There are 2 protein chains.
Amino acid sequence: MASHSAASVTQGSEARGPRERMVIHAADLIGRDGVAATSIGDVIAASSAPRGSIYHHFPGGKTQLMTEAVRYAGDFIADRLGTLRSHTAADAVTDIGDVWRRMLINSDYQFGCPVLAGGLARRTEPQVADVAEEVLTQWTKLVASRLVVEGVDVDRAGSLANLIVAAIEGAVGLCQTQRSVEPLDNVIRELALLTQSVATA
Amino acid sequence: MASHSAASVTQGSEARGPRERMVIHAADLIGRDGVAATSIGDVIAASSAPRGSIYHHFPGGKTQLMTEAVRYAGDFIADRLGTLRSHTAADAVTDIGDVWRRMLINSDYQFGCPVLAGGLARRTEPQVADVAEEVLTQWTKLVASRLVVEGVDVDRAGSLANLIVAAIEGAVGLCQTQRSVEPLDNVIRELALLTQSVATA
DNA sequence: GTCTATACGAAGATAGAC
DNA sequence: GTCTATCTTCGTATAGAC
């Protein structure tokens with residue numbers, strides 16, 4: 001872990017070209033401050049990218065940069081969800097929680113979910129929100145199918161996955177607000193208990 | 001219901017003075033667009049308030065206006081939570097969900113939680129986030145004590161209330177993103193089921 | 001309490017040179 | 001691909017008159 005900002009979604013970004021670095025650091029900043037509060041200048045500064053080539057790489061301007069950043073964050077998290085090696089549904093929930101737990105603590109509770117942040121920006125940045133919507137749907141399906149594999153009834157899995165995604169997103173926001181992991185820990189414990197009982201039923 | 005913006009937190013704001021109208025409409029706009037994307041000019045336009053007296057009423061500028069708005073929204077929702085007349089813990093959860101359900105639908109899914117929005121703005125507006133933190137803690141305690149009254153074990157109530165608040169906050173964000181009540185409906189159904197089983201135990 | 005005018009800076013975006 | 005202007009719009013905030 002090189003710098004402070006390597007705490008969230010920026011791991012290994014140094015090795016890449018300016019364009020990709022901009023996208024990665026944009027995702028990081030959106031997770032911290034939201035879409036509206038993240039300026040192109042901020043992204044350039046964070047990624048040590050050249051000022052002069054933004055509109056070369058991103059002719060669509062800020063909207064394009066934010067859009068790609070939300071998609072990047074979505075894939076980044078989806079990858080992590082895909083590689084979890086838990087063996088029960090309850091463990092899977094705990095592991096998903098740990099992914100966020102780590103990012104919160106490593107960023108000193110500054111980094112939240114760039115995807116939800118994108119979704120909340122619908123009025124000013126509808127295209128960004130559209131991508132966020134896709135990603136959230138994908139995440140929920142990923143969680144649901146995982147629950148099914150671990151023994152949860154198919155009819156229940158969708159609604160339970162919805163609860164898990166919503167509760168974790170909300171808990172991450174509470175953790176940012178309170179600068180504490182406690183909300184997430186409570187939520188994960190409750191979700192794991194519930195998931196276990198549903199999977200066993 | 002007079003105007004479109006009367007759909008969220010702005011009911012009866014016409015009858016009040018300019019200062020209070022500004023606070024109410026600031027809360028409304030923060031719930032829609034977040035703190036950073038809400039400008040003083042937007043608030044003035046929405047509340048039909050006089051341009052010249054903002055810094056007379058709010059010498060602390062935008063920060064003060066946003067701070068008071070988040071507090072107002074917090075009290076507004078807390079009042080509603082206080083007047084719910086449900087008789088079981090599960091019904092209480094459903095009623096809380098209905099409060100948000102209505103605001104989402106009436107605003108065409110544009111209005112989300114101003115308090116969480118304030119909490120997410122900590123880096124740029126720490127004072128606003130501090131108020132948001134207070135409010136969220138208050139809400140969680142309100143829910144927890146209600147659960148206890150309805151038969152939930154005291155040791156469990158805090159953690160369950162945390163889940164309920166986090167899940168609803170997250171669900172509201174998902175509803176805004178997807179322009180649909182489905183996430184909230186799923187979450188409320190799951191939470192009601194869980195709460196019922198915990199209250200009965 | 002409310003107005004107008006204005007200062008100041010930040011941010012998105014474009015043009016044209018290298 | 002990258003740089004340096006530059007334009008424009010917007011947003012916060014202040015000053016001073018009414």
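Here is the naming used below: chain letters follow the sequence lines, and residue numbers restart at 1 for every chain. Computed over heavy atoms, backbone and side chain alike; hydrogens, waters and symmetry mates excluded. What you see is a predicted model; the values in this text were computed from it and never measured.
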*Asks:* Counting only side-chain heavy atoms from C-beta out, which of D:dT12, C:dG12, D:dT2 sits nearest to A:Lys62?
*Replies:*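 When the side chain of A:Lys62 is considered, C:dG12 is the closest of D:dT12, C:dG12, D:dT2.
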*Asks:* Can you tell me the distance, in whole Å, between the CZ atom of B:Phe58 and the P atom of D:dT14?
*Replies:*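 Rounding to the nearest Å, CZ of B:Phe58 and P of D:dT14 are 15 Å apart.
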*Asks:* Taking the side chain of A:Ser39 as its heavy atoms from C-beta onward, which of C:dA11, D:dT12, C:dG1 lies nearest to it?
*Replies:*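 Closest nucleotide among those given: C:dA11.
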*Asks:* How close or far is atom C1' of C:dT2 from atom CZ of B:Arg51, stated in whole angstroms?
*Replies:*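 Roughly 13 Å, once rounded to whole Å.
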*Asks:* Check every atom of C:dT2, D:dT12, D:dT2 against the side chain of A:His57 and return the nucleotide holding the closest atom.
*Replies:*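 Nearest to the side chain of A:His57 among the choices is D:dT2.
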*Asks:* Report the nucleotide, chosen from C:dA13, C:dT2, D:dT2, that has the shortest atom-to-atom distance to any side-chain atom of A:His56.
*Replies:*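 Between C:dA13, C:dT2, D:dT2, the one nearest the side chain of A:His56 would be D:dT2.
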*Asks:* CD of B:Gln178: more than 12 outside heavy atoms within 6.0 angstrom?
*Replies:*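 Yes, CD of B:Gln178 has more than 12 neighbouring heavy atoms, counting only those of other groups under 6.0 Å.
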*Asks:* Nearest whole Å is fine: how far is D:dA15 P from B:Ile54 CD1?
*Replies:*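 That distance rounds to 15 Å.
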*Asks:* Between A:Trp100 and A:Phe111, what is the ring plane arrangement, given parallel below 30°, perpendicular above 60°, and tilted in between?
*Replies:*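 Aromatic pair A:Trp100/A:Phe111 classed parallel.
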*Asks:* Mapping B:Pro18 and A:Ala37 onto DNA chain C by nearest heavy atom, which one lands closer to the 5' end?
*Replies:*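 The residue whose closest nucleotide sits nearer the 5' end is B:Pro18.
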*Asks:* With a 4.0 Å cut-off on N to O distance, would you call A:Arg32 and A:Asp28 a salt bridge?
*Replies:*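 Salt bridge: yes.
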*Asks:* What's the closest nucleotide to the side chain of A:Pro50 if the choices are D:dC3, C:dG12, C:dT2?
*Replies:*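 Comparing D:dC3, C:dG12, C:dT2 against the side chain of A:Pro50, the answer is D:dC3.
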*Asks:* With side chains defined as the heavy atoms from C-beta onward, is the minimum distance between B:Arg122 and A:Tyr109 less than 4.5 Å?
*Replies:*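 No; the side chains remain at least 4.5 Å from each other.
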*Asks:* For the side chain of B:Trp139 and the backbone of B:Gly74, is there at least one donor-acceptor N/O pair under 3.5 Å apart?
*Replies:*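 Present.
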*Asks:* Tell me whether the OP1 or OP2 atom of D:dT2 has a side-chain N or O from A:Ser53 closer than 4.0 Å.
*Replies:*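 Looking at the OP1 and OP2 atoms of D:dT2, one of them is under 4.0 Å from a side-chain N or O of A:Ser53.
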*Asks:* Could you state the atom-to-atom distance from CD1 of A:Ile44 to P of D:dT2 in whole Å?
*Replies:*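 For the pair A:Ile44 CD1 and D:dT2 P, the rounded distance is 11 Å.
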*Asks:* Mapping A:Gly52 and A:Thr38 onto DNA chain C by nearest heavy atom, which one lands closer to the 5' end?
*Replies:*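 With A:Gly52 and A:Thr38 compared, the 5'-side residue is A:Thr38.
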*Asks:* To the nearest Å, give me how far apart CG (A:Asp42) and C1' (C:dA11) are.
*Replies:*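 Checked: the CG to C1' distance equals 10 Å.
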*Asks:* Return the value, rounded to whole Å, for the distance between atom CZ of A:Arg19 and atom C1' of D:dT2.
*Replies:*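 That distance rounds to 16 Å.
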*Asks:* Quick one: which of D:dT4, C:dT2, D:dT12 gets closest to the side chain of B:Tyr55?
*Replies:*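 Out of D:dT4, C:dT2, D:dT12, the nucleotide with an atom closest to B:Tyr55's side chain is D:dT12.
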